[in-house]
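The first residue of the sequence shown is numbered 1, and numbering continues consecutively from there. Atoms within each ligand, like the ligands themselves, are counted from 1 in listed order. Basis for what follows: all heavy atoms, side chains included, without hydrogens, waters or symmetry-related copies.
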Amino acid sequence: MSTREDIFKNVVSHSKEYGFVFQSSEIYDGLSAVYDYGQLGAELKNNIKTYWWKSMVQMNENIVGIDSAIFMHPKIWKASGHVDGFNDPMIDNKDSKKRYRADNLLEDRITKYERDGKTQKAAELQEALDNALKSDDLSILKQLIIDHEIACPISGTRNWTDVRQFNLMFSTQFGSLAEDAEAVYLRPETAQGIFVNFLNVQKSGRMKIPFGIAQIGKAFRNEVIARQFIMRMREFEQMEMQFFVRPGTEMEWYKHWKEARLKWHLALGTPAESYRYHDHAKLAHYANAAVDIEYEFPFGFKEVEGIHSRTDFDLKQHQEFSGKKMQFFDPEINQNYIPYVIETSIGLDRMFLLTMCNAYKEEDLSEGDKTDSRVVLKFHPALAPVKATVMPLTKKDGLPEKAREIMNMLKLDFNVQYDEKDSIGKRYRRQDAIGTPFCITVDYESLENNTVTIRHRDSMQQERISIDALHGMIAENTGWAQLLR
Ligand code: GAP
């Protein structure tokens with residue numbers, strides 16, 4: 001059995017071996033911090049998106065979803081503050097020539113102190129880091145790195161440059177001729193596509209405040225240092241929702257969304273102790289309150305989702321830079337105002353990684369002298385990429401035909417697989433490794449009385465049920481209702 005330290009490595013290799021995640025451009029030695037989702041990864045990712053979309057858009061009458069373009073007018077990023085302020089503090093090691101995020105080096109040291117039981121030291125450094133980030137004084141960050149004797153993992157030396165700011169936006173050329181082309185940015189967040197469409201949606205949808213606009217889409221950041229697999233990528237996906245409220249009510253809604261979003265995570269059955277809130281000490285240029293929902297990955301607690309009270313900053317800025325009014329007329333109080341905004345922003349890829357880490361289990365099944373084990377992905381059934389696999393006991397005597405009949409009956413509504421290779425035991429293990437909740441075995445009795453054996457992934461228990469009851473049983477166990485109610 002693996003130690004906690006090995007688990008993350010095993011999750012990464014398992015993701016590749018079973019077709020969840022591949023390094024992008026792998027045959028060309030890869031592209032740093034860019035990943036492709038494989039055949040099962042794409043299914044899992046779609047299921048996570050569906051869960052989010054249904055719970056945010058479908059379950060809330062006052063939230064609608066949009067899909068805005070990645071390219072946006074360059075002035076938008078000036079207005080939003082990203083051109084001037086979307087920076088990370090970076091530091092270089094002069095010997096290895098490697099570049100790091102100064103705050104990440106310190107966060108890693110905090111995690112190490114926590115792991116070593118030095119909780120007091122961890123708390124002190126966390127406070128010092130928060131204060132340094134709040135004050136925007138880069139020299140304090142460097143001093144903390146020196147004081148805590150942080151060495152470069154590559155060179156092992158503490159020969160550091162000063163800490164400098166680094167803008168994270170990618171820019172590219174727009175238009176066919178490079179000379180007169182205008183520079184545009186690849187969006188670093190999906191939120192601005194929502195802000196600039198605020199009036200379009202409000203008017204065309206006759207929305208009344210409070211209301212929300214949700215969106216799932218790609219975002220791009222030239223991360224100084226990309227690491228921990230799909231945790232920090234240069235191309236990634238966000239699921240964001242901007243909730244527009246009457247000024248003065250924002251703290252009520254902030255509290256509401258902070259609680260609602262954690263509930264969304266916990267509904268998946270993830271243990272509550274794997275989550276915690278982390279209040280921001282340094283607020284982004286647009287926020288008056290912000291909290292992260294953090295999950296305990298094998299490498300420590302890290303942010304998965306942010307809930308931000310963004311005031312009227314963005315709409316006000318767009319009003320000023322575009323010259324177009326961004327106001328809402330509130331008939332209840334007979335007033336025009338620029339709404340305040342509560343944002344919920346979750347990284348889809350981080351949620352994917354969380355789901356893999358939480359589901360991945362190495363189980364010892366040894367009994368007496370007989371050693372046995374299995375790797376199983378215990379996904380919530382609604383998220384599982386494959387819902388059921390149909391397995392004829394043998395490849396003859398009409399069993400494959402009967403199994404195909406069942407496949408055809410189920411595949412309209414569920415992602416199901418067919419598998420007739422190897423022993424049933426081996427087939428079960430293959431399905432455990434990809435997290436399939438149900439294995440359906442077709443045997444000779446099936447031909448006689450129209451029943452099959454269902455084997456449950458988590459308990460490994462088997463039961464005999466009628467083929468007529470299969471569809472209902474899978475629908476009930478893998479459907480969205482249990483998550484959304
Ligand atoms: N609109 C607000 C916003 O973008 P953020 O905290 O910078 O806020 C929101 O990002 C979420 O996006 C994070 O909680 C994280 O899950 C995800 N995220 C941010 N940068 C990422 C990256 N480089 N790779 C993967 N996910 C990332």
S.K.: Is the shortest N/O to N/O distance between Phe236 and ligand 1 below 3.5 Å?
M.R.: no
S.K.: Counting heavy atoms only, which part of Glu294 comes closer than 4.0 Å to ligand 1: side chain, backbone, both or neither?
M.R.: neither
S.K.: Can you find an N/O atom of Met233 closer than 3.5 Å to an N/O atom of ligand 1?
M.R.: yes
S.K.: Quick check: does Glu343 get an N/O under 3.5 Å from an N/O on ligand 1?
M.R.: yes
S.K.: Within less than 4.0 angstrom of ligand 1, does Gln242 place any heavy atom?
M.R.: no
S.K.: Can you check whether Ile230 has an N/O within less than 3.5 Å of an N/O in ligand 1?
M.R.: no
S.K.: Using side chain to side chain contact (heavy atoms under 4.5 Å, CB included) as the criterion, list what pairs up with Gln228, not counting sequence neighbours.
M.R.: Phe8, Met231, Phe299
S.K.: For ligand 1 and Glu223, I'd like to know whether there is a polar contact (N/O to N/O, distance under 3.5 Å).
M.R.: yes
S.K.: Where is the nearest protein heavy atom to atom 14 (O) of ligand 1: which residue, which atom, and how far?
M.R.: Glu303 OE2, 2.6 Å
S.K.: Tell me: protein heavy atom nearest atom 17 (C) of ligand 1, and distance?
M.R.: Gly347 CA, 3.6 Å
S.K.: Applying the salt bridge (Lys or Arg N to Asp or Glu O under 4.0 Å) test to Lys142, which of Asp147, Asp162, Asp92, Asp137 qualifies?
M.R.: Asp162
S.K.: What pairs of donor and acceptor atoms, side-chain ones from residues 212-221 against any protein atom, are under 3.5 angstrom apart with sequence neighbours left out?
M.R.:
unit_1	atom_1	unit_2	atom_2	d
Gln215	OE1	Ser68	N	2.6
Gln215	OE1	Ser68	OG	3.1
Gln215	NE2	Ser68	OG	3.1
Gln215	NE2	Thr190	O	3.1
Lys218	NZ	Glu235	OE2	2.8
Arg221	NE	Pro188	O	2.9
Arg221	NH2	Pro188	O	3.0

S.K.: Non-hydrogen atoms of Met231 versus ligand 1: any pair closer than 4.0 Å?
M.R.: yes
S.K.: Give a yes/no on ligand 1: does Asp349 have at least one heavy atom closer than 4.0 angstrom to it?
M.R.: no
S.K.: Where is the nearest protein heavy atom to atom 8 (O) of ligand 1: which residue, which atom, and how far?
M.R.: His308 CE1, 3.7 Å
S.K.: Taking the minimum heavy-atom distance to atom 20 (N) of ligand 1, which of Glu305, Gln238, Arg221 ranks first?
M.R.: Arg221
